[in-house]
Each structure stands twice: as structure tokens, then as C-alpha cells.
S.K.: 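Mind looking over this structure? Questions follow.
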Number of protein chains: 2
Amino acid sequence: MSIDPRSHTPVYVQLADLLRQRIEAGELSPGSLLPSEARLTQEYGIGREAVRMAVALLRSEGLVRTQRGHGSYVREIAERTKIELAAGNSAIARMPTGAERKHLGLDEGVPVLEIRDAKGRTEVLPGDEVELTRPTSD
Amino acid sequence: MSIDPRSHTPVYVQLADLLRQRIEAGELSPGSLLPSEARLTQEYGIGREAVRMAVALLRSEGLVRTQRGHGSYVREIAERTKIELAAGNSAIARMPTGAERKHLGLDEGVPVLEIRDAKGRTEVLPGDEVELTRPTSD
DNA sequence: CCCCATTTGTGCGTATGTATC
DNA sequence: AGATACATACGCACAAATGGG
């Protein structure tokens with residue numbers, strides 16, 4: 001598989017698609033380092049700008065985490081803790097504010113679950129670590 | 001408030017923080033146009049790359065929507081439809097795949113809710129338009 | 001401790017395409 | 001038609017963080 005500069009699909013999107021495939025195929029396993037920007041520019045014969053935008057796109061999707069002076073890692077899939085949505089409560093999914101992301105230690109591209117109880121009190125949970133359940137009444 | 005190029009925090013993160021503050025403070029209201037890239041580079045004395053990455057970061061957070069050839073707008077807050085989480089079902093929040101985003105017509109930086117029933121069938125809902133509820137058993 | 005190689009962050013110049021007014 | 005503004009893409013250069021010797 002290769003990249004076509006003359007395609008209507010932007011080069012950086014094509015690269016992101018390729019990398020996403022390699023991640024989902026397990027060829028780039030969770031915790032492993034992506035090839036460096038320099039390597040990707042060479043291997044695919046494209047510019048650094050396109051490479052950086054491709055990685056930024058994967059970051060925004062929560063697939064990779066970038067560490068300056070080191071590289072970009074494939075994010076590890078967190079275990080999801082089952083949380084029961086209590087009767088009378090509701091939940092919404094949204095992206096965290098900057099403060100929330102810092103406070104919860106969230107990577108880029110990770111949503112939060114905001115739980116609201118009947119009294120209007122809210123609780124914000126890391127979206128990649130939680131599975132919301134409602135048990136059968138049996 | 002200004003930007004410090006010598007800070008440990010990347011310039012583009014600092015700018016994103018400043019713009020986020022202005023958005024959350026209502027100074028940049030929903031539907032309004034952000035200053036252009038050129039204006040931001042001048043006003044903050046930073047490079048184009050930093051400006052573009054800051055705006056991309058806000059996009060990934062679902063705060064702004066960029067319209068090509070026009071500018072970047074502060075996203076309007078969508079009405080949320082209440083959806084009941086049925087008994088025996090569960091839900092997780094995550095970022096959509098590219099295909100899902102296209103199919104659902106989602107802006108960048110908008111998570112999805114994936115509902116799973118007892119038989120393992122899943123349904124994907126736009127995270128910015130849904131509020132998950134569990135009524136009181138009354 | 002310093003030096004060095006690697007990697008990402010930042011700034012800037014340039015160019016082309018496309019959408020809007 | 002023209003001006004403006006963003007999107008994409010390439011190039012180069014230097015700064016800053018990281019880790020190894």
C-alpha cells in the first residue's frame with residue numbers, strides 16, 4: 001500500500017489511514033513507538049507537514065500519544081470499569097475541558113462521561129475507562 | 001494574558017488555552033468567528049504553524065468548527081435528545097472512526113456513544129446530541 | 001557533568017488549490 | 001474578476017526535550 005499525491009484525499013489523511021490500519025492490525029501494538037517523523041517522510045516520500053498532521057489526526061482520535069523529544073506511542077487500551085447508571089440519573093458524552101483533561105490525566109482525543117443525578121450534581125469520568133451499565137431487573 | 005515562548009508548555013497549547021478561556025468566558029460566543037490565522041499570528045507574535053495547531057486542538061475538543069475558505073467558528077451547543085438506556089444494555093463513550101464521523105455528519109472533536117444490548121448488538125449515536133437517561137422505577 | 005544523536009516543537013518562505021464574498 | 005482566507009504540501013533551520021555514552 002502506498003500514497004498517491006494526486007489523489008483527492010489529502011496526503012496526511014492517506015497516511016493516517018495507513019497507520020490506523022497498521023495499529024488496528026496489531027502490527028503497531030499498544031505501547032509501541034511509531035516510526036519517527038523523519039522515517040515516515042522518507043518511507044512514504046512525503047513532507048514533514050503531512051506526517052505531523054497525520055499523527056495529530058491519530059492523536060485527536062485517541063489512538064496515539066506523543067511525547068516531545070521521544071516519539072509517538074500507540075495508546076494502550078484501558079480496562080473499562082463497569083459503572084451502573086443509577087435510577088433517575090442521566091449521562092452525556094463530551095470532550096473534556098483543558099482543566100478536566102489535566103486533572104484526570106487524560107490524553108488528547110479521549111472523551112469524558114458526565115453523570116448527572118436527580119439533584120443536578122454532576123460527576124465527570126474518564127471516557128476510556130468506563131462502561132455504563134443498566135442491569136436487568138431480574 | 002500573553003504567550004511565553006520560553007515556557008515548557010508548547011506555544012500552540014498556550015494559545016489554545018487562551019482561546020478556550022475566551023470561548024468559555026463567552027467573549028467568543030457560539031456561532032461567532034474566531035480571529036483569522038493571520039491576525040492571531042500578528043496579535044500573539046507567534047508562527048502560523050502554532051496558530052494552526054492551536055485551532056486544530058480546539059477542533060479536536062469540539063469547541064470550534066472550521067469552514068474552509070471562511071474561517072473558524074465557535075460551535076453552537078446542540079440540543080440533546082433524551083435516550084433511555086434499556087435494561088441489560090451498556091454504553092461507552094469514544095471517538096468515532098472516520099467512516100462513522102462521515103456517516104453521522106459529526107464535526108471534529110465530537111465523541112460517540114456506543115450502546116450495546118444483551119445480544120452484543122451495538123448502535124452508535126452522536127455524542128453531542130444525546131443524553132442517556134435511566135428513569136426512576138416509579 | 002558534558003556531549004551527542006534522535007525526536008518533536010516552532011518559525012518562516014513558498015506554492016497551489018479551493019471556497020467565499 | 002478580484003480579494004480574502006483557509007487547506008494542503010514542500011522545503012529549511014533552529015530550539016527544546018530526551019536518553020545514552
S.K.: Measuring to OP1 and OP2 of dG9(C), would you say a side-chain N or O of R52(A) lies under 4.0 angstrom away?
M.R.: yes
S.K.: Measure CG/D4(A) against P/dA9(D) and give the value in whole Å, please.
M.R.: 11 Å
S.K.: Using a cut-off of strictly less than 4.0 Å, decide whether Y12(A) has a side-chain nitrogen or oxygen near OP1 or OP2 of dT8(D).
M.R.: yes
S.K.: Taking OH from Y73(B) and C1' from dC6(D), how many angstroms apart are they, rounded to a whole number?
M.R.: 12 Å
S.K.: Go along nucleotides 13-21 of chain D 5' to 3' and tag each nucleotide: B for a protein heavy atom under 4.0 Å from its base, S when only backbone or sugar atoms are that close, - otherwise.
M.R.: B--SBSS--
S.K.: Any donor-acceptor pair under 3.5 Å linking the side-chain atoms of S72(A) with those of T66(A)?
M.R.: yes
S.K.: Specify the separation, in whole Å, of atom CD of E43(A) and atom P of dT7(C).
M.R.: 12 Å
S.K.: In a check of side-chain contact (heavy atoms from CB on, under 4.5 Å) between I115(B) and each of L132(B), T122(B), I83(B), which one passes?
M.R.: L132(B)
S.K.: Starting at CZ of R65(A) and ending at P of dG9(C), how long is that distance when rounded to a whole Å?
M.R.: 13 Å
S.K.: Nearest to the side chain of A50(A), heavy atoms from C-beta on, is which of dT8(D), dC10(D), dT8(C)?
M.R.: dC10(D)
S.K.: With heavy-atom distances below 4.5 Å as the criterion, would you say the side chains of E114(B) and R116(B) are in contact?
M.R.: yes
S.K.: In whole Å, what is the span from the CD atom of E37(B) to the P atom of dT18(C)?
M.R.: 18 Å
S.K.: Tell me: CG of L15(B) to P of dT10(C), nearest whole Å?
M.R.: 11 Å
S.K.: Is any side-chain heavy atom of L63(B) less than 4.5 Å from a side-chain heavy atom of V74(B)?
M.R.: no
S.K.: Give the C-alpha distance, both sets of side-chain angles, the deciding distance and a yes or no for salt bridge (Lys or Arg N to Asp or Glu O under 4.0 Å) between E61(B) and R101(A).
M.R.: CA-CA 11 Å; E61(B) 294 174 359; R101(A) 207 174 67 212; 3.0 Å; yes
S.K.: With rounding to the nearest 0.5 Å, note down the distance linking CG in D128(B) to CZ in R75(B).
M.R.: 5.0 Å
S.K.: What I'd like to find out is whether the side chain of T97(B) reaches to under 4.5 Å of the side chain of R20(A), using heavy atoms alone.
M.R.: no
S.K.: In residues 55-64 of chain B, what residues come within less than 4.0 Å of DNA chain C, judged by heavy atoms?
M.R.: none
S.K.: So, are E37(B) and R48(B) salt-bridged, with charged N and O less than 4.0 Å apart?
M.R.: no
S.K.: Rounded to whole angstroms, how far apart are CG on L40(A) and C1' on dT7(C)?
M.R.: 12 Å
S.K.: Could you walk me through whether E131(B) and S90(A) satisfy the side-chain hydrogen bond (donor to acceptor under 3.5 Å, both in side chains) test, starting with their C-alpha distance in whole Å, then the side-chain angles of each, then the deciding distance to 0.1 Å, before giving a yes or no?
M.R.: CA-CA 7 Å; E131(B) 179 179 1; S90(A) 65; 2.8 Å; yes
S.K.: Map V11(B) and R39(A) onto DNA chain C by nearest heavy atom, then report which one ends up closer to the 5' terminus.
M.R.: R39(A)
S.K.: Taking the side chain of T66(B) as heavy atoms from C-beta outward, which of dG9(C), dC6(D), dA9(D) is closest to it?
M.R.: dC6(D)
S.K.: How do M53(A) and E49(B) order along DNA chain D: which one's closest nucleotide is nearer the 5' end?
M.R.: M53(A)
